[in-house]
S.K.: 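Pasting a structure here, questions to come.
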Protein chains: 2
Amino acid sequence: MDMIKEISCAPVSRRESRRLDRREIILNVAAQSFLEQGYASTTMSSIAAALGGSKGTLWSHFPSKEALFEAVIDRATAAYRAKLSEILDTRGDFSTTLKRVCAGIMEKILSPEAVSLYRLVVAEAGRFPEMGRIFYNRGPRRTWELLAEFLSSAMNDGIIRRADPLDAARFLVSLCMADCHQQLLMGMIQSAPPEAVERDIDRAIAVFMNTFAADAARLDG
Amino acid sequence: MDMIKEISCAPVSRRESRRLDRREIILNVAAQSFLEQGYASTTMSSIAAALGGSKGTLWSHFPSKEALFEAVIDRATAAYRAKLSEILDTRGDFSTTLKRVCAGIMEKILSPEAVSLYRLVVAEAGRFPEMGRIFYNRGPRRTWELLAEFLSSAMNDGIIRRADPLDAARFLVSLCMADCHQQLLMGMIQSAPPEAVERDIDRAIAVFMNTFAADAARLDG
DNA sequence: AGAAAAGCGTACCATATGGTATGGATATGA
DNA sequence: TCATATCCATACCATATGGTACGCTTTTCT
């Protein structure tokens with residue numbers, strides 16, 4: 001009887017499962033509030049109210065507002081990372097794949113949730129140093145690593161010149177984020193028009209290929 | 001008697017001058033608080049306390065927290081713009097000047113105040129739509145325009161290929177902001193080490209020249 | 001069936017918030 | 001000199017905050 005308990009690390013007991021469900025719901029509600037209101041403007045009371053539940057329950061799951069916030073950021077970045085891994089589909093020739101990958105990255109990065117998350121991180125990074133680190137490692141870093149893997153194989157195939165794949169990936173991503181993303185962040189636009197995104201992608205790839213094509217001039221020694 | 005009053009638009013009366021001084025002090029204190037605490041976490045009471053003055057005085061100058069905030073952003077962006085105009089000194093040959101100009105822009109952009117302001121704008125742009133517009137027009141836009149002016153003359157001299165100067169300027173600035181600025185925003189570093197800034201500049205210029213040098217390949221039609 | 005866990009509802013706490021009102025001190029302008 | 005503009009200090013307001021406490025019901029485990 002005890003054996004069954006021990007061999008399963010996932011929650012078996014129904015109680016535990018229900019509790020995790022509740023926790024999940026709390027995190028959803030809290031995430032929504034934090035992402036669209038910011039940290040300071042989000043109140044525990046309003047979260048409890050939105051839950052339909054009581055404050056006691058809230059505090060039984062998270063001992064403080066700060067702990068809740070950290071859990072939310074943790075989960076949001078994890079979700080972000082999960083969405084990213086869907087992107088890398090390297091079927092087809094290089095330039096087709098490159099464009100598809102860029103489009104995938106752009107779509108994730110420009111999504112309202114990602115923009116809200118980015119805003120929140122930038123806003124609170126000064127006050128919550130760990131948060132910036134978590135986001136950085138799970139967000140941008142993962143994106144670069146995924147891209148770098150793809151670019152690395154292209155380097156091996158001699159399609160683009162050999163260089164640090166991670167540097168190349170960072171370069172490409174920063175090129176993609178130069179226009180629409182900036183304007184979204186500063187509220188100049190509410191959503192990125194597809195044609196503008198397309199233009200960003202094309203420009204980014206053009207500059208990237210101009211820099212990294214196999215026959216391109218070396219930039220540094 | 002009325003004439004004297006009318007011909008001078010600057011504050012003549014000592015009362016008025018004192019009042020403006022007080023207003024200036026309020027704006028300084030408020031700016032500091034908003035920039036390092038964010039909007040929601042900054043309290044009017046704490047500002048009044050830091051002033052040494054009373055709340056009555058505060059509210060006699062600004063009818064609400066929101067009004068104070070707008071005035072602060074207005075002034076901060078104006079100050080930012082003033083600092084920018086110091087940058088453009090086009091003596092010397094093109095590449096020397098280009099590097100100096102980039103270094104100047106980087107120095108402004110990476111300064112703690114500029115980073116705080118950028119953070120605040122990004123954080124609150126969703127809630128204060130006008131603020132993003134003000135910042136955008138007085139900050140990035142001015143920077144681009146200054147740079148564009150310089151690049152435009154370089155185009156006329158045939159040093160770089162003819163293109164939309166504003167586009168080229170935006171491109172160069174976005175290249176400069178790709179690394180250190182990002183890391184500062186996300187709290188990965190507390191200040192940008194000079195050698196990293198130097199590296200950012202060199203990379204940006206290399207890519208820029210690779211793209212815009214007179215003999216570079218056209219990127220788009 | 002009965003113990004325990006989890007959640008709910010609500011009342012409560014000290015504190016702080018944005019904002020108002022008032023009365024007095026001080027400097028300024030006519 | 002004298003009215004007035006400005007400021008300061010303080011007390012105050014309704015409301016809201018993060019967080020605690022407690023008694024009650026429902027669900028789960030044994």
Side-chain angles (χ1 to χ4, degrees), chain A residues 1-8 10-30 33-34 37-72 124 127-128, chain B residues 1-8 10-30 33-34 37-72 124 127-128:
Chain A
M1 319 157 171
D2 274 336
M3 284 179 59
I4 296 178
K5 242 194 218 159
E6 284 168 5
I7 57 171
S8 60
V12 271
S13 85
R14 219 136 125 193
R15 256 214 270 272
E16 229 170 315
S17 153
R18 303 264 295 182
R19 187 162 171 78
L20 287 182
D21 282 356
R22 205 81 188 99
R23 186 191 155 96
E24 205 60 19
I25 294 174
I26 293 177
L27 283 175
N28 279 334
V29 172
S33 185
F34 279 127
Q37 311 278 347
Y39 178 78
S41 293
T42 291
T43 72
M44 293 293 268
S45 302
S46 78
I47 291 176
L51 274 174
S54 78
K55 300 176 100 183
T57 306
L58 221 193
W59 263 271
S60 86
H61 281 271
F62 303 95
S64 70
K65 183 182 182 181
E66 206 167 316
L68 213 205
F69 181 65
E70 278 171 17
V72 164
E124 308 293 346
R127 259 111 36 199
F128 294 86
Chain B
M1 324 163 169
D2 274 336
M3 283 180 61
I4 295 178
K5 244 191 216 158
E6 284 168 6
I7 57 172
S8 60
V12 273
S13 84
R14 221 139 124 190
R15 256 215 270 271
E16 229 170 315
S17 151
R18 303 262 298 183
R19 187 163 171 79
L20 286 183
D21 282 356
R22 205 82 187 102
R23 186 190 155 96
E24 204 62 16
I25 294 174
I26 293 176
L27 283 174
N28 279 334
V29 171
S33 186
F34 278 127
Q37 313 277 348
Y39 178 78
S41 293
T42 291
T43 72
M44 294 294 267
S45 301
S46 78
I47 291 176
L51 274 174
S54 78
K55 301 176 99 183
T57 305
L58 221 193
W59 262 271
S60 86
H61 280 271
F62 302 96
S64 70
K65 184 183 182 181
E66 206 167 315
L68 214 203
F69 181 66
E70 278 171 17
V72 163
E124 308 293 345
R127 261 115 29 204
F128 295 85

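The figures here come from the full heavy-atom set of this structure, side chains too, leaving out hydrogens, waters and symmetry mates. What you see is a predicted model, and the numbers here were worked out from it, not measured in a lab. First the proteins, then the strands, lettered A, B, ... as listed; each starts at 1.
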S.K.: If I take atom CZ in residue B:Arg19 and atom P in nucleotide D:dC8, what distance separates them, rounded to the nearest angstrom?
M.R.: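 After rounding, the reported distance stands at 11 Å.
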S.K.: More than 12 foreign heavy atoms under 6.0 Å from CZ of B:Arg127: is that the case here?
M.R.: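 Yes, the 6.0 Å shell around CZ holds more than 12 heavy atoms from other groups.
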S.K.: Can you name the residues that form a side chain to side chain donor-acceptor pair (under 3.5 Å) with B:Ser41, not counting sequence neighbours?
M.R.: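 Per chain and number, B:Ser41 pairs via side chain to side chain donor-acceptor pair (under 3.5 Å) with no residue.
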S.K.: Between B:Arg18 and A:Ser60, just flag the one whose closest nucleotide in DNA chain C comes earlier from the 5' side.
M.R.: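 Between the two, 5'-proximity favours A:Ser60.
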S.K.: B:Leu58 has an atom CG; how far is it from atom C1' of C:dT17, in whole Å?
M.R.: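 Roughly 14 Å, once rounded to whole Å.
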S.K.: Starting at NE2 of A:His61 and ending at C1' of C:dA6, how long is that distance when rounded to a whole Å?
M.R.: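 Atom NE2 in A:His61 sits about 8 Å away from atom C1' in C:dA6.
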S.K.: To the nearest Å, how far apart are A:Leu20 CG and D:dT28 C1'?
M.R.: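 Computing the A:Leu20:CG to D:dT28:C1' distance gives 15 Å.
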S.K.: Give a yes/no verdict on a cation-pi contact between B:Lys65 and B:Tyr39, requiring under 6.0 Å between NZ or CZ and the six-membered ring centre and an angle within 45° of the axis.
M.R.: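 Judged by the rule, B:Lys65 and B:Tyr39 form a cation-pi pair.
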S.K.: As an exercise, state the distance from CZ of B:Phe128 to CD of B:Glu70, rounded to the nearest 0.5 Å.
M.R.: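 Answer rounded to 0.5 Å: 7.0 Å.
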S.K.: Only counting residues at least two apart or in another chain, list the ones meeting salt bridge (Lys or Arg N to Asp or Glu O under 4.0 Å) with A:Glu24.
M.R.: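 Partners of A:Glu24 by the salt bridge (Lys or Arg N to Asp or Glu O under 4.0 Å) criterion, ordered by chain and then number, come out as A:Arg75.
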S.K.: Over all heavy atoms of both residues, which pair between B:Arg22 and B:Thr57 is shortest? Give the atoms and the distance, please.
M.R.: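 Smallest interatomic distance, heavy atoms only, reads CG-CG2, 4.4 Å.
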S.K.: For a quick check, with a 4.0 angstrom heavy-atom cut-off, what is the B/S/- contact string for nucleotides 18-25 of chain C, read 5' to 3'?
M.R.: BBB-----
S.K.: Of the candidate nucleotides D:dC7, C:dC8, D:dT28, which contains the atom at the shortest distance from the side chain of A:Thr57?
M.R.: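 Out of D:dC7, C:dC8, D:dT28, the nucleotide with an atom closest to A:Thr57's side chain is C:dC8.
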S.K.: Between B:Arg22 (CZ) and C:dA27 (C1'), how many Å, whole number?
M.R.: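 To the nearest whole Å, that distance equals 14 Å.
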S.K.: Could you state the atom-to-atom distance from CZ of B:Arg15 to C1' of D:dA3 in whole Å?
M.R.: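 One finds 9 Å between C1' of D:dA3 and CZ of B:Arg15, rounded.
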